[in-house]
Amino acid sequence: METDLFIGGKWVSSEARFDVLDPATGDVLASVADGSVADAGAAVDAAAAALHAWSKTPPRERSEILRRAFELMTDRADELAKLVSLENGKALVDAKGEVTYAAEFFRWYAEEAVRAEGQVTIAPSGANRIVVVRQPVGVCVLVTPWNFPAAMATRKIGPALAAGCTVILKPASDTPLTALAMAAILAEAGVPEGVVNVLPSRSSGQVVSAMLKDPRVRKVSFTGSTEVGRILLAQAAENVVNTSMELGGNAPFVVFADADLSAALDGAMIAKMRNGGEACTAANRFYVESSIASEFSAGLAARMAALRVGPGTDPSTQVGPLVNEDTVDKVDKLVTAAVSGGASVVTGGSRPDGPGFYYPPTVLTGVAPDAPILREEIFGPVAPIVTFESEEEAVRLANDTEFGLVAYVYTGDLARGLRVSEALEAGMVGLNRGLVSDPAAPFGGVKQSGIGREGGHEGMLEYLESKYIAVTW
Ligand code: NAP
């Protein structure tokens, strides 16, 4: 298991270290090197020194390195999934899903690396040609959260490398081990020294801010909370650094009475319980047409109550512990406040005793419209259900949030499905689907859920600048 910093193609130790905990027990899993501001400077030196050669490396060669990284990740999927599950706590089945999803970003961007197309057009005046070429943005700082330690890293590293950029990845302190394992895989796949640097650090604020002040850094791509995203946007403004922001969500899951109820329940379980609810795409608020609300609530509660909760690494576990104690405290507080405000607990609803950061799958009905659980990201296995009477009311309730990452709609009427999808203020809509994530699709939010897209063709454009050359020929 790698536990040191990865800078300039070498493992660099550090006297300062921090502990990574096992969320199933609270015990120490590993002691990881704690990157300092000086280490961040060394990582930027390495990334800047490697930039020219990497940006000039033929796209086909960059593509083949990414393809090898995909193959290595796929060969080691079980081993990597175990590591993800160990440090994050998620059930092994979720961890395997994540590793497959993560590896797909390397495959997709291996395919996109050779397609950084520009364009040539004749100016409307006819006087000249307009030539547009795409060039790598430069040195990129990538900051990732703990909830998808593998996929959030590959979703940034894949397109950055495909575009010809070099990177410094600052993983979340709760889950740095997966990022370090990925650094080893990328080096083995043939990524040259300095192109990918990984810098775990407990002093995230200082380390990232120091890198953003360095004029050689031209891009920051961040996935995490809206609160930290705002801080980084402000810091990036100083040097006018290019930004991509994948921030928090508060996804509505809307079920109309004409929906296939069993499909809606299956979709609800995926949208709510993938990753134990610790996903930015997690259904956070369920809006169900009142005529089917009791049937839907009973069906959801039965499915939630049947889930096996236990240590993530136990293959029979369906829901692992949450990542840390603070997350359990937050979920518990939101449920308690909802119940004090009049909500009824249909299943779950109370925090268990004993070691580990567990919270049971929970369904709440009769949740008051002003309950904090409908406003804040729950990030846990809790489904609050609210009823509605009309399409107009459903859209109004769904849009009543400052977030706009994803929304889910279930209806048997395709025209209504498309009409509502257009009316929803979200970067993504799952129409009769509880899962939208796909490496080949542009993932991202509107409003305070972010700026920019990851995945798909758009994902690589985030790491490319368009240069316009006016030519007389
Ligand atoms: P977070 O607290 O915002 O942390 C995210 C990353 O930022 C971590 O690496 C963290 O390092 C670092 N960080 C914290 N404070 C910082 C600062 N002042 N300056 C620079 N970096 C800083 O978020 P999280 O709790 O890890 O992740 C959960 C959040 O991520 C949720 O809101 C979720 O919705 C969002 N998310 C969004 C997407 C998306 O695609 N839209 C995907 C996944 C997750 P430390 O760990 O050392 O604090």
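Just follow the structure's listing: the first ligand is 1, and inside any ligand the first atom is 1.
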- Search all heavy atoms of Val363 against all heavy atoms of Ala301 and return the closest pair with its distance. CG2-CA, 3.8 Å
- Item | From CA spacing to verdict: salt bridge (Lys or Arg N to Asp or Glu O under 4.0 Å), Glu462, Arg155 | CA-CA 12 Å; Glu462 302 275 321; Arg155 197 161 82 170; over 6 Å; no
- Is Thr226 in polar range of ligand 1, meaning some N or O pair under 3.5 Å apart? no
- Item | For ligand 1, the portion of Glu227 having any non-hydrogen atom under 4.0 Å away | neither
- Note on the structure: When rounded to the nearest 0.5 Å, the distance separating CG of Leu21 from CG of Leu86 is 12.5 Å
- Is Lys90 positioned over the aromatic face of Phe148, cation under 6.0 angstrom from the ring centre and no more than 45 degrees off axis? yes
- Note on the structure: Checking heavy atoms under 4.0 Å, the part of Ser201 that sits near ligand 1 is backbone
- Message: Give me the nearest non-hydrogen protein atom to atom 18 (N) of ligand 1 as residue plus atom name, then the distance to 0.1 Å.
- Response: Gly205 CA, 3.7 Å
- Query: Is a side-chain N or O of Ser36 found less than 3.5 angstrom from the main chain of Asp39, in a donor-acceptor match?
  - Reply: yes
- Which atoms of ligand 1 sit under 4.0 Å from any heavy atom of Thr223? 5 (C), 36 (N), 37 (C), 38 (C), 39 (C), 40 (O), 42 (C), 43 (C), 44 (C)
- Message: I'd like to check which ligand 1 atoms, numbered from 1 as shown, lie under 4.0 Å from a non-hydrogen atom of Asn147.
- Response: 43 (C), 44 (C)
- Task: Verify the contact flag for atom 9 (O) of ligand 1, where contact means a protein heavy atom under 4.0 Å away.
- Result: yes
- Message: Can you tell me how the ring of Phe105 sits relative to the ring of Tyr101, calling it parallel under 30°, perpendicular over 60° and tilted otherwise?
- Response: perpendicular
- Task: Say whether Cys280, considering both its backbone and side-chain N or O atoms, lies within less than 3.5 Å of an N or O atom on ligand 1.
- Result: no
- Task: Please could you name the atoms of ligand 1 that Leu232 approaches to less than 4.0 Å, counting only its heavy atoms?
- Result: 19 (N), 20 (C)
- What protein heavy atom sits nearest atom 34 (O) of ligand 1, and how far off is it? Glu377 OE2, 2.4 Å
- Query: Which atoms of ligand 1 sit under 4.0 Å from any heavy atom of Pro171?
  - Reply: 9 (O)
- Does ligand 1 have an atom that lies less than 4.0 angstrom from a heavy atom of Arg155? yes
- Query: Does Lys447 pair with Glu402 as a salt bridge, N-O distance under 4.0 Å?
  - Reply: no
- Note on the structure: Closest to atom 45 (P) of ligand 1 among protein heavy atoms sits Ser204 OG, 3.3 Å
- Message: Checking a contact table here: which protein heavy atom is nearest atom 26 (O) of ligand 1, and how many Å away?
- Response: Trp146 CD1, 3.0 Å
- Note on the structure: Of all heavy-atom pairs linking Leu212 and Val220, the shortest is CD2-CB, 3.7 Å
- Ion pair check, Asp400 and Arg285, cut-off under 4.0 Å: no
- Task: Mark up the atoms of ligand 1 that fall under 4.0 Å of a heavy atom belonging to Phe379, in ascending order.
- Result: 28 (C), 31 (C), 33 (C), 34 (O)
- Note on the structure: For Ser173, the atoms of ligand 1 under 4.0 Å from one of its heavy atoms are 45 (P), 46 (O), 47 (O)
- Item | Heavy-atom gap Gly444 to ligand 1 smaller than 4.0 Å | no
- Protein heavy atom at shortest distance from atom 27 (O) of ligand 1: Pro145 CB, 3.3 Å
- Item | For Val143, the ligand 1 atoms whose distance to one of its heavy atoms is below 4.0 Å | 6 (C), 7 (O), 9 (O), 12 (C)
- Task: Can you label the angle between the Phe379 ring and the Trp146 ring as parallel, tilted or perpendicular, going by 30° and 60°?
- Result: perpendicular
- Measure from the ring center of Tyr408 to the ring center of Phe253 and say whether it is less than 6.0 Å. yes
- Might you point out which heavy atoms bring Lys156 and Ser221 nearest each other, and give the distance in Å? NZ-OG, 2.9 Å
- Message: Any side-chain to backbone donor/acceptor pair from Asp214 onto Ala40? Under 3.5 Å, distance only.
- Response: no
- Query: How close does the nearest protein non-hydrogen atom get to atom 23 (O) of ligand 1, and which residue and atom is it?
  - Reply: Ser225 N, 3.4 Å
- Task: For atom 41 (N) of ligand 1, grab the closest protein heavy atom and report residue, atom and distance to one decimal in Å.
- Result: Leu247 O, 2.8 Å
- Backbone or side chain, does any N or O of Asp174 fall under 3.5 Å from an N or O of ligand 1? no
- Note: ligand 1 atoms sitting under 4.0 Å from heavy atoms of Thr144 are 6 (C), 8 (C), 9 (O)
- Item | atom 15 (N) of ligand 1 [closest protein heavy-atom partner, distance rounded to 0.1 Å] | Val228 CG2, 3.6 Å
- Message: Tell me whether Glu246 is salt-bridged to Arg453, with the criterion being a basic N under 4.0 Å from an acidic carboxylate O.
- Response: no
